[in-house]
Amino acid sequence: MQSKLKKLTKYQFFWPLMVLLLIILINGIISGGSFFQINIVDGHLYGRLIDILRNGSKLMILATGMTMVLATGGTDISVGSVMAISGAIACCIIDGRLLPSAGGSVAVAVILALLAGLACGIWNGFLVAKVKIQPIVATMILMVAGRGIAQLVTQGKIVTINSAGYYYINGGYILGLPFPLYIVAFVVLITLLFVKKSAFGLFVESIGCNSTASKFTGIKVDNIKWAIYAFCGLMAALAGLIESAGIKAADCNNCGLMIELDGILAVAIGGTSLAGGRFSIPASLIGALVVQSITTTVLALGIAPEITSVFKAIVVVIICLIQSKEFKEMLTKRFAGKKGKAVAQA
C-alpha cells in the first residue's frame, strides 16, 4: 500500500490535486456543508462547485496554451489583451459596428475573433522565434498595444449586445452542465491527442530542456515555438469569447485584466517549470481550478478586496512550498536530525 502511494505521488498532477481537494474541503467546513450542495433547476445544475468549473473554464483554456509556451522556456503576458481584442471584434460584428453585411452572424463573429487571436499569437511567435526578442519583452508589446487596438475596434465604448446565440457560449447548458465545460473538454482532448500521439510533445520538452541541443538534433526549434505562440493566442481568443459572452458585452478595459498572471500561476501550481522542460496539461488544468477555488474561498470568507491579493499570495507561497522537492527534503533532514538527537539523549 505504501509503495503504491509513493508511486502515485510521483505523478505531476498528484500534489495539485491534493491542494485542490484541501481547498474545497476548507470551503465546505467554512460554509457548513452548503458549499457542496448542487441544485437542479429546469434540468440545469447549479451550485458553488459548478460555478468554480464554469468560472474557471476560461482560465483552464488559457492554461492549456500557456503550458505549451512555458514548457519551451518562454512566456506570454499578452493573453489578457488578446482576450479583449477577440471579445471586442465578436461583439462589434454582432452589434453591426463591424461588417454590417454579416447581419450580426454569431458564426462569423466567432470565426473572425478566433482568427484575430491566432494572428496575435503568430505575431508574438514571429518576434520570439524569428526576431529573437526575449519572450517577456516580445509579448509585452502586444500586452500594452492590445487594449488600445480593442479600444479602437469599439471606439472607446463598452459595446453591449443582445444575442441568445452568443450568450450560449457562456450561459448555455448541455445535459445539465455549462457549455464552457464542453469547450474545455474538446480543446484539451484535441491538444492531448496531438501532444501524446505525435512527437510534438517530446519536441516541446526537448526545446525547454536545451534549445541549442535540440536544434543540432534536427528539431525545427523556431517553427515549433512559432506554432506554440500561435496556439496560445488562439486559446486566449477563445477565453475572450467566453468572458464577453458571460457579461454580454465587450469591456476592453477589464476583459482579461491581469489574467495572464493567473494563467502563469495555474501552470506553475501544476508543476511545470517556468524554465521549460517537462509539462503536464492535466496538472495545469487542476492548477487553474486551484486558482479559481482560492478566489471562491476569498469571496466566501468575506475578505476585504484590498487584502485579497495578499491572501492569495500567502496561499500560493504555501502551495509552492508543498510542491517543492528541495523544501520537502530539507524538512525531512531536519526532522530526522531532531529525532536522532532525541534518541541519543535518551
**Prompt:** With distance as the sole criterion, is a donor-acceptor pair present between the side chains of S78 and T139 under 3.5 Å?
**Reply:** no

**Asked** Does I207 offer a backbone N or O that forms a donor-acceptor pair with the side chain of S211 under 3.5 Å?
**Response** no

**Set of residues satisfying side chain to side chain donor-acceptor pair (under 3.5 Å) with respect to Y46, sequence neighbours excluded** = none

**Request:** State the CZ-CG distance between F186 and L181, to the nearest 0.5 angstrom.
**Result:** 15.5 Å

**Item:** Separation of S214 OG from K220 NZ (nearest 0.5 Å)
**Value:** 15.0 Å

**Message:** Taking F279's backbone N and O only, do any of them form a donor-acceptor pair with T272's side chain (distance below 3.5 Å, no angle check)?
**Reply:** no

**Exam field: side chain R48 to backbone Q37, donor-acceptor pair closer than 3.5 Å** = no

**Pair F179 + Y173: ring centers closer than 6.0 Å** = no

**Prompt:** Can you find a side-chain donor-acceptor pair between N170 and E243 that sits under 3.5 Å?
**Reply:** no

**Request:** Would you sort out whether N253 and Q151 count as a side chain to side chain donor-acceptor pair (under 3.5 Å), showing the intermediate values?
**Result:** CA-CA 8 Å; N253 288 324; Q151 291 280 9; 2.7 Å; yes

**Item:** Side chains of V106 and S163 in contact at under 4.5 Å (non-hydrogen atoms)
**Value:** yes

**Item:** Exercise: do Y166 and S244 side chains pair donor with acceptor under 3.5 Å
**Value:** yes

**Message:** Around atom CD1 of I40, are there more than 12 heavy atoms from other residues, nucleotides or ligands closer than 6.0 Å?
**Reply:** no

**Asked** When rounded to the nearest 0.5 angstrom, what distance separates CD1 in I111 from OG in S105?
**Response** 7.5 Å

**Request:** Side-chain contact test, heavy atoms from C-beta onward, threshold under 4.5 Å: evaluate it for L114 versus L238 and give yes or no.
**Result:** yes

**Message:** For the CE atom on M258, are there more than 12 heavy atoms of other groups (residues, nucleotides or ligands in this structure) within a distance under 6.0 Å?
**Reply:** no

**Asked** With sequence neighbours left out, which residue pairs that include part of residues 111-135 fulfil the salt bridge (charged side-chain N to carboxylate O under 4.0 Å, His left out) condition?
**Response** K132-D222

**Over 12 foreign heavy atoms within 6.0 Å of CG, L115** = yes

**Message:** If we ignore hydrogens and angles and just use 3.5 Å, is the side chain of N210 paired with the main-chain N or O of T212 as donor and acceptor?
**Reply:** yes

